[in-house]
S.K.: 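The structure under discussion is supplied below as C-alpha cells; questions concerning it will follow.
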Number of protein chains: 2
Amino acid sequence: MGPAALRTAPSWLINQVATHAGRLVHDGFAAHGARGYHYRLLAALHEHGPASQADLGRRCGIDRSDVVAALNELAARDLVRRTPDPDDRRRNVVTLTEPGRRELDRLTTTLDQIQDTLLAPLTPADRTELTRLLTALLDHHRQ
Amino acid sequence: MGPAALRTAPSWLINQVATHAGRLVHDGFAAHGARGYHYRLLAALHEHGPASQADLGRRCGIDRSDVVAALNELAARDLVRRTPDPDDRRRNVVTLTEPGRRELDRLTTTLDQIQDTLLAPLTPADRTELTRLLTALLDHHRQ
DNA sequence: CAGAAATCGTTGGCGCAACCCACGATCCCT
DNA sequence: AGGGATCGTGGGTTGCGCCAACGATTTCTG
C-alpha cells in the first residue's frame, strides 16, 4: 500500500503508523462512547484539577470552540460539571465528577492495552528507543 | 501540551509527530495547489504506469470514491488523463501526462525538503533507526 | 476614571483524511 | 441465461485541527 517513493519517507511512515494507532484508539474509545478529545479533557482535569474552558483548551491543545462541544457531551453524561466562576463571570469552572474519574480510569486501561497492541512487534529496548526518537522530534518541533 | 498521562504514550507521541509532519506536508503541497491524495496518485501512476481507478485506489490505499474526486481535480489541471478502457467498458484508464510528471517532480522535491525539516534534530543513525522501527510497526500491523 | 484592548464562552463554518452505502453499467463464471 | 463480482460515481458520516465573529466581561492604560 502506497507508492514506493513514499514508503521510505519518514513523514509517510509516521502518518501510516499514526493512522493505525488512531484506528486502535478510536475503536477502543468508541466502545466506551468516547473519543480522543474526551479522554484528553478528562485526563487534564484529573491531573491539574478544575479549570476554565480556555485553560483546558490550552492544556490539551484543543481549540476553545471544540472544547465547548466536547464538554457538552461529557456534561450530558455527568462526567464533568460546568459551574460559573464567581471570581470571573466570563468563565466556567469545569470539574471532574466521580463518574468522570471512573470513566477516565476505564479509558486509561483501554489506552494502556492499545499501547501493547501497537508496540507488539518491538522489543522493550526498541520501544524505549522509539519513544526517545519521537520525543526528540516533538521537543524540537515545539519551539 | 497534552496531559502527562498521554505524553509518554507512544500512540500519542506518534500522533503528535504525525500532526506536525502533516502540517509541513499540507503547507508544502498547498503551495502547489495539491494535497496528499494528489501526490499519492501521481506517484503511483509514475511508478507502475497507467491503471484503472480501482487499481489506483488499491495501490494508494485510497477509497474508490475518494479517487474519483481527486482525479477530477488532477484531470481539471491536465496532470492526468482519463480514457475509457476499450477492453473493459466499466473501467477508465488513468494516465500521467507530461505536465503531471513535472508536477510530480516538484512535489517530490518539496517532500524531500520536508523530510529534512522533520528529521532535523536526529543524527543519520537515529533517522535510520526511526525508519526501521516505524517500518517494523507498519509491517506487523498489516496482517 | 473612561475608553481601548484583551479574554471568555459560544456558534458556525472550513478542509483533510478515512471511511460507508447504494446505484447502474458492465464483465465473468457457471 | 443467470447470478455474482467489479467498476465508476454520487451521496453521506466521523474525527480532528483550524479560523472568524459575536456579546459579555475583565483588565490594561492613558
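First the proteins, then the strands, lettered A, B, ... as listed; each starts at 1.
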S.K.: Given the rule in the side chain to side chain donor-acceptor pair (under 3.5 Å) test, do A:Q53 and A:R82 qualify, once you have shown the distances and angles that lead to the verdict?
M.R.: CA-CA 9 Å; A:Q53 300 183 188; A:R82 243 195 291 227; 2.9 Å; yes
S.K.: Between P on D:dG8 and CG on B:D87, what's the gap in Å once rounded to a whole number?
M.R.: 14 Å
S.K.: Could you verify whether a donor N or O on one side chain and an acceptor N or O on the other, from A:E103 and A:H32, lie under 3.5 Å apart?
M.R.: no
S.K.: Identify each atom pair where a protein N or O and an N or O of nucleotides 3-10 of chain C are less than 3.5 Å apart, giving names and distance.
M.R.:
from: C:dT7; atom 1: O2; to: A:R90; atom 2: NH1; distance (Å): 2.8
from: C:dC8; atom 1: OP1; to: A:R58; atom 2: NH2; distance (Å): 3.2
from: C:dC8; atom 1: OP2; to: A:R58; atom 2: NH1; distance (Å): 3.2
from: C:dG9; atom 1: OP1; to: A:Q53; atom 2: N; distance (Å): 3.0
from: C:dG9; atom 1: OP1; to: A:N92; atom 2: N; distance (Å): 3.2
from: C:dG9; atom 1: OP2; to: A:A54; atom 2: N; distance (Å): 2.6
from: C:dG9; atom 1: O3'; to: A:N92; atom 2: ND2; distance (Å): 3.4
from: C:dG9; atom 1: N7; to: A:R64; atom 2: NE; distance (Å): 3.4
from: C:dG9; atom 1: O6; to: A:R64; atom 2: NH2; distance (Å): 3.2
from: C:dT10; atom 1: OP2; to: A:Q53; atom 2: OE1; distance (Å): 2.8
from: C:dT10; atom 1: OP2; to: A:Q53; atom 2: NE2; distance (Å): 2.9
from: C:dT10; atom 1: OP2; to: A:R82; atom 2: NH1; distance (Å): 2.8

S.K.: So if I take residues 25-50 of chain A and measure heavy-atom distances to DNA chain C, which residues fall below 4.0 Å?
M.R.: none
S.K.: Locate the shortest heavy-atom distance separating B:L104 from B:H46; write the atom from each residue and the value.
M.R.: CD2-CB, 3.3 Å
S.K.: If I take atom SG from residue A:C60 and atom CG from residue A:L42, how far apart are they, to the nearest 0.5 angstrom?
M.R.: 9.0 Å
S.K.: Looking at DNA chain C, which of residues 108-118 of chain B put a heavy atom within less than 4.0 Å of it?
M.R.: none
S.K.: Keeping B:R40 on the side-chain end and B:I62 on the backbone end, is there a donor-acceptor pair under 3.5 Å?
M.R.: no
S.K.: Is the closest side-chain heavy-atom distance between A:L122 and B:H140 below 4.5 Å?
M.R.: no
S.K.: Using every non-hydrogen atom in the two residues, find where A:S11 and B:L111 come nearest and quote the distance to one decimal.
M.R.: OG-CD1, 4.2 Å
S.K.: Could you walk me through whether A:R102 and A:E98 pass salt bridge (Lys or Arg N to Asp or Glu O under 4.0 Å), step by step?
M.R.: CA-CA 6 Å; A:R102 283 195 298 266; A:E98 191 35 40; 3.6 Å; yes
S.K.: Quick one: does A:R91's side chain have a donor or acceptor within less than 3.5 Å of a partner on A:D85's backbone?
M.R.: no
S.K.: Should B:R89 be listed as having a side-chain N or O under 4.0 Å from OP1 or OP2 of C:dC27?
M.R.: yes
S.K.: Hey, is the main chain of B:L118 close enough, under 3.5 Å, to the side chain of A:H141 for a donor-acceptor pair?
M.R.: yes
